[in-house]
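All heavy atoms count here, side chains included; hydrogens, waters and symmetry mates do not.
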Amino acid sequence: MKKSVFLGALTVAGFVAGSASAATLDDVQARGSLKCGSNSGLTGFAAPDANGHWEGFDVAVCRAVAAAVLGDPEAVEFVPTTPKTRFTALASGEVDILVRNTTWTLTRDVDLKFTFTGVNYYDGQGFIVPKALGVSSAKELDGATVCIQTGTTTELNLADFFRTNNISYEPVPIETNAEAQQQYLAGACDTYTTDASGLAATRASFENPADHAILPEIISKEPLGPLVRHGDDEWADIVRWTLNALVAAEEFGITSTNIEELASGTDNPEINRILGTEGTMGEMLGLEADWAMKAIAAGGNYGEIFEKNIGESTPIGLARGLNAQWKDGGLQYAPPFR
């Protein structure tokens, strides 16, 4: 009898989990749009242009997912979030996915019940200072006032760094990057600390970017990536493999300009599987056979997205560094499509 009850409980649990796993995909398809939790405005990563059209490195991931699921990269509703509101927005179902420079940590993964689906940017925390301050190292910031966003991993990193180096600081708490930029430029703090990519993006928006220096110290590991709710495995798979498709496309030379030609068939089985001309991977995900092709065509492969939005030829000016392909000494590496 005990065994029957136990098996019955497993059956009910399995049914509930199975029902939950399909919920977000069904909701997005029924709605006809993807609700993406984004940054409230970070140049190069996520911000509306003069016409209100959202653009950026993180935005491109949301558009790729919308293309994979709905066939339309424009079928996205961007919901601006702050460090304080982002997790509530995802947990409550206000958004279907969160893509806004969010660090993958154990606490967020386990305690907050979120599933990170990969890393679209390997980052680390840094500091920006006015060159007029005459500081060349973060270790010279003893007694400095520091603008810092509350509700972020940077708060503990900052405390640890100053404690380890036996120096002191006075925090100036702020909620958004826009507020941090305003306070920093107004002289309310000597330095602003956040992810180094965010500092580069913020500096690019200054009237005189050359008057400000990003200090050499990187004081943490900040793997940034998309996240979804726990218990939604089918949806997590879709987001995870959409990101993987963008990374794999760069590795295999699939670009926004040659994708139509390659989709007619190639001698490379992996390219064919990615583009849906071989295998049943779309069916496994509950999507059309050409889901990955649509995702890649939306904004290009990972490298194209990087260079267009935050690369060295943009005002952000970021080198690939750790975000280069694994074959080029970086960490970007997509599991096999087989």
Side-chain angles (χ1 to χ4, degrees), residues 39 41-45 57-58 83 100-105 119 121-224 306 309-324 329-331:
N39 198 295
L42 184 62
T43 304
F45 284 86
F57 182 74
D58 287 338
R100 47 103 59 231
N101 56 301
T102 298
T103 303
W104 187 350
T105 69
V119 178
Y121 195 92
Y122 289 93
D123 210 344
Q125 184 174 335
F127 298 85
I128 188 170
V129 296
K131 289 183 178 177
L133 198 62
V135 171
S136 59
S137 167
K139 294 178 181 179
E140 300 172 8
L141 292 172
D142 191 15
T145 50
V146 183
C147 278
I148 183 165
Q149 291 188 64
T150 55
T152 65
T153 58
T154 56
E155 289 182 289
L156 181 58
N157 294 337
L158 178 66
D160 288 351
F161 176 78
F162 274 78
R163 180 179 176 183
T164 300
N165 288 281
N166 198 30
I167 53 179
S168 64
Y169 69 99
E170 180 182 339
V172 179
I174 44 88
E175 288 197 22
T176 66
N177 190 70
E179 183 185 353
Q181 177 177 325
Q182 180 184 33
Q183 294 289 343
Y184 170 77
L185 290 175
C189 49
D190 299 312
T191 181
Y192 172 38
T193 183
T194 190
D195 299 337
S197 64
L199 295 178
T202 300
R203 180 173 64 176
S205 67
F206 289 173
E207 185 175 345
N208 298 300
D211 292 345
H212 304 267
I214 297 175
L215 299 178
E217 287 85 2
I218 298 296
I219 67 170
S220 69
K221 292 185 296 183
E222 306 295 332
L224 313 177
F306 191 104
N309 293 288
I310 58 176
E312 292 182 288
S313 62
T314 70
I316 315 300
L318 294 172
R320 287 292 292 271
L322 294 177
N323 295 290
L331 297 178

Please give me the minimum heavy-atom distance between [X] and [Y], naming the atom from each residue.
X    : Y    : value
G124 : I218 : CA-CG2, 3.6 Å
E155 : G151 : OE1-N, 3.0 Å
P83  : E175 : CD-O, 3.2 Å
A204 : P209 : O-CG, 4.4 Å
A180 : I174 : CB-CD1, 3.4 Å
V135 : V129 : O-CG2, 4.2 Å

Nearest-0.5 Å distance that lies between atom [atom1] in [X] and atom [atom2] in [Y]:
X    : Y    : atom1 : atom2 : result
I148 : Q183 : CD1   : CD    : 14.0 Å
K221 : L322 : NZ    : CG    : 11.0 Å
E179 : C147 : CD    : SG    : 8.0 Å
N157 : T103 : CG    : OG1   : 8.0 Å

task = Just do the side chain to side chain contact (heavy atoms under 4.5 Å, CB included) check on T191 and L141 with the steps written out, would you?
result = CA-CA 9 Å; T191 181; L141 292 172; 4.1 Å; yes
Does the side chain of [X] reach to within under 4.5 Å of the side chain of [Y], using non-hydrogen atoms?
X    : Y    : value
W104 : V119 : yes
H212 : L199 : no
N39  : D58  : no
F161 : K139 : yes

task = Mind running side chain to side chain contact (heavy atoms under 4.5 Å, CB included) on Y121 and L318 for me, showing each step along the way?
result = CA-CA 11 Å; Y121 195 92; L318 294 172; 3.5 Å; yes
task = Can you tell me which residue pairs pass the side chain to side chain donor-acceptor pair (under 3.5 Å) test with a partner in residues 140-150, sequence neighbours excluded?
result = S136-E140, D142-S168, T145-D190, Q149-Y192
Check: [X] side chain, [Y] main-chain N or O, donor-acceptor pair, under 3.5 Å:
X    : Y    : value
T193 : G126 : yes
R320 : G330 : no
D123 : S197 : yes
T314 : I316 : yes

inquiry  = Would E207 and L185 count as a side chain to side chain contact (heavy atoms under 4.5 Å, CB included) here? Give the steps.
reply    = CA-CA 10 Å; E207 185 175 345; L185 290 175; over 6 Å; no
query = Can you name the one residue among V172, I128, V146, T202 that meets side-chain contact (heavy atoms from CB on, under 4.5 Å) with Y184?
reply =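 The option that passes is I128.
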key: Option passing side-chain hydrogen bond (donor to acceptor under 3.5 Å, both in side chains) with E222 (candidates T102, T154, T153)   = T153
ask   = So F127 and Y169, ring-ring contact (aromatic ring centres under 6.0 Å, His included) or not? Walk me through it.
value = CA-CA 13 Å; F127 298 85; Y169 69 99; 9.2 Å; no
